[in-house]
Amino acid sequence: HRKLLCKEFRQERNHQIVLGFDTGHLMMEPIGGMPKLDHAIKAGLLLGWISLHSGDLVGGCGFDARFRNFLKPGRGMPYFTRFQHFTAGLEYRTEETNFTLGLAELNSRLQRRALVVLFTEFVDTISAELLIESLQLMTRRHVVVFVTMRDPLLTHAHAAPPDDFFHAAEAVIADDFLRERSIVLERAARLGVHCLDVPVQEISAALLNRYLLIKQRGLL
């Protein structure tokens, strides 16, 4: 037609982004002088701001032994203030997290497909068994990102030269924990869960990159 034609492609908007925060006793453990829950909230706030700015809806929940907090996904930059108030209301708990109850309740409250980002922690394969079962149910309806924080003390103990018996025993124990951790993460990945196990200083960037990758591939 002797006319210049141009197609402009934009990423799809109006997706639901739900950030789930484990507020149980394992998230009270400090890394770098700050509890794991605080690191998770910091990364969650950044992702929430970026998601709202991109035109998506953002909500959240907090649970441990009980399902305690829920913010219905909403849109628009003014909604970020509500999301900030929601994260400010999350409290540390000394109770063990009930993943079956927490994730089932969250699943029942989400009416349509969403990107669910779960900030949590686990110790070994036994304690993570119910977590894996709950993640499997979530992946049937939603895209799930499983976020854990790598403990630098554990990594250091595993990599340090065994100069004496104490350090050798410490390295063996650290190796057992890291091996069981990798088993759980591999099982979750086989279910289709996006797993992020990174140092706390890298968690925000890694989470944001994974969010952009999921949207770029059209997985939502």
Side-chain angles (χ1 to χ4, degrees), residues 18-48 60-71 86-107 116-139 144-158 170-189 191 193-204 206-207 210:
V18 180
L19 289 85
F21 296 92
D22 177 358
T23 55
H25 68 99
L26 290 179
M27 295 295 283
M28 294 175 61
E29 295 179 0
I31 294 182
M34 192 164 70
K36 291 181 179 180
L37 179 59
D38 288 1
H39 288 292
I41 290 173
K42 180 180 177 182
L45 285 171
L46 176 61
L47 178 60
C61 74
F63 64 93
D64 41 81
R66 294 166 48 197
F67 191 86
R68 300 185 184 276
N69 311 80
F70 181 72
L71 176 67
F86 157 76
T87 57
L90 297 172
E91 299 180 4
Y92 309 112
R93 302 284 178 173
T94 58
E95 299 164 295
E96 186 175 355
T97 302
N98 187 333
F99 293 105
T100 304
L101 173 64
L103 294 181
E105 179 66 23
L106 174 61
N107 202 16
V116 177
V117 180
L118 177 62
F119 297 93
T120 186
E121 194 51 83
F122 62 92
V123 177
D124 50 33
T125 53
I126 297 175
S127 62
E129 193 65 36
L130 293 177
L131 169 60
I132 292 295
E133 291 180 7
S134 300
L135 288 175
Q136 186 174 13
L137 294 175
M138 290 289 293
T139 54
V144 180
V145 178
F146 180 53
V147 184
T148 55
M149 283 156 266
R150 197 176 301 163
D151 192 336
L153 295 178
L154 197 63
T155 306
H156 175 74
H158 179 260
E170 197 175 53
V172 170
I173 295 172
D175 181 72
D176 289 340
F177 275 113
L178 291 174
R179 187 173 64 254
E180 293 212 355
R181 192 176 188 86
S182 65
I183 290 173
V184 173
L185 293 172
E186 287 174 8
R187 286 185 60 190
L191 296 175
V193 176
H194 297 260
C195 298
L196 294 179
D197 183 45
V198 294
V200 291
Q201 63 270 21
E202 300 175 16
I203 187 173
S204 295
L207 182 58
R210 186 57 58 95

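Just so it is clear, the values below take in all heavy atoms, side chains as well, and ignore hydrogens, waters and symmetry mates.
When side chains are defined from C-beta on, L37 does not count as touching M28, because their heavy atoms never get closer than 4.5 Å. In this structure, L196 and L207 have side chains that are in contact, with non-hydrogen atoms separated by less than 4.5 Å. Here the side chains of F146 and T120 are in contact, with some heavy-atom distance below 4.5 Å. Between I132 and L191 the shortest side-chain heavy-atom distance falls below 4.5 Å. In this structure, E91 and T23 have side chains that are not in contact, with every pair of non-hydrogen atoms separated by 4.5 Å or more. Two residues are said to be in side-chain contact when any heavy atoms from C-beta on lie closer than 4.5 Å; P35 and Y92 meet this criterion. In this structure, the side chains of L47 and L19 come closer than 4.5 Å at one or more pairs of heavy atoms. Between E129 and R187 there is a side-chain heavy-atom pair separated by less than 4.5 Å.
Atoms CZ and CG, from F21 and L90 in turn, are 6.0 Å apart once rounded to the nearest 0.5 Å. The structure places CZ of R93 at 12.5 Å from CG of D22, a figure rounded to the nearest 0.5 Å. Summarising the geometry, atom CD belonging to E29 is positioned 9.5 Å from atom CE belonging to M27; distances are rounded to the nearest 0.5 Å. Taken to the nearest 0.5 Å, the CD1 atom of I41 stands 5.5 Å off from the OG1 atom of T87. In this structure, CD1 in I203 is found 11.0 Å from CZ in R150, a value given to the nearest 0.5 Å.
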Trace of the side chain to side chain contact (heavy atoms under 4.5 Å, CB included) decision for M138 with V116: CA-CA 9 Å; M138 290 289 293; V116 177; 3.7 Å; yes
Candidate pair V145 and L118, rule side chain to side chain contact (heavy atoms under 4.5 Å, CB included), full reasoning: CA-CA 6 Å; V145 178; L118 177 62; over 6 Å; no
Full working for side chain to side chain contact (heavy atoms under 4.5 Å, CB included) between K42 and L45: CA-CA 5 Å; K42 180 180 177 182; L45 285 171; 5.8 Å; no
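Pairing each heavy atom of M149 with each of A40, the nearest pair is CE-CB, 4.2 Å. Contact detail for N69 and F86: the closest heavy-atom pair is CB-CE1, 3.6 Å. Residue N107 comes nearest to L137 through the heavy atom pair ND2-O, 4.3 Å, listed as atom of the first residue, atom of the second, then distance. Of all the heavy atoms in L103 and S134, the pair that sits closest is CD1-CB, 3.4 Å. Nearest heavy atom pair, residue G24 against residue T97, reads CA-OG1, 3.4 Å. Nearest heavy atoms, V18 versus L106: CG1-CD1, 3.9 Å.
Between R68 and D64 there is a salt bridge, since a side-chain N of the basic residue sits under 4.0 Å from a carboxylate O of the acidic one. A salt bridge between R181 and E121 is present, with a side-chain N of the basic residue lying under 4.0 Å from a carboxylate O of the acidic one. Salt bridge annotation for E105-R66: absent, with no cationic side-chain nitrogen under 4.0 angstrom from a carboxylate oxygen.
Of the possible polar contacts, none joining the H194 side chain to the R210 backbone as a donor-acceptor pair under 3.5 Å is found.
Atom CD of E95 has more than 12 neighbouring heavy atoms from other residues, nucleotides or ligands inside a 6.0 Å radius.
Ring pair F63/F67 is parallel by interplanar angle, where below 30° counts as parallel and above 60° as perpendicular.
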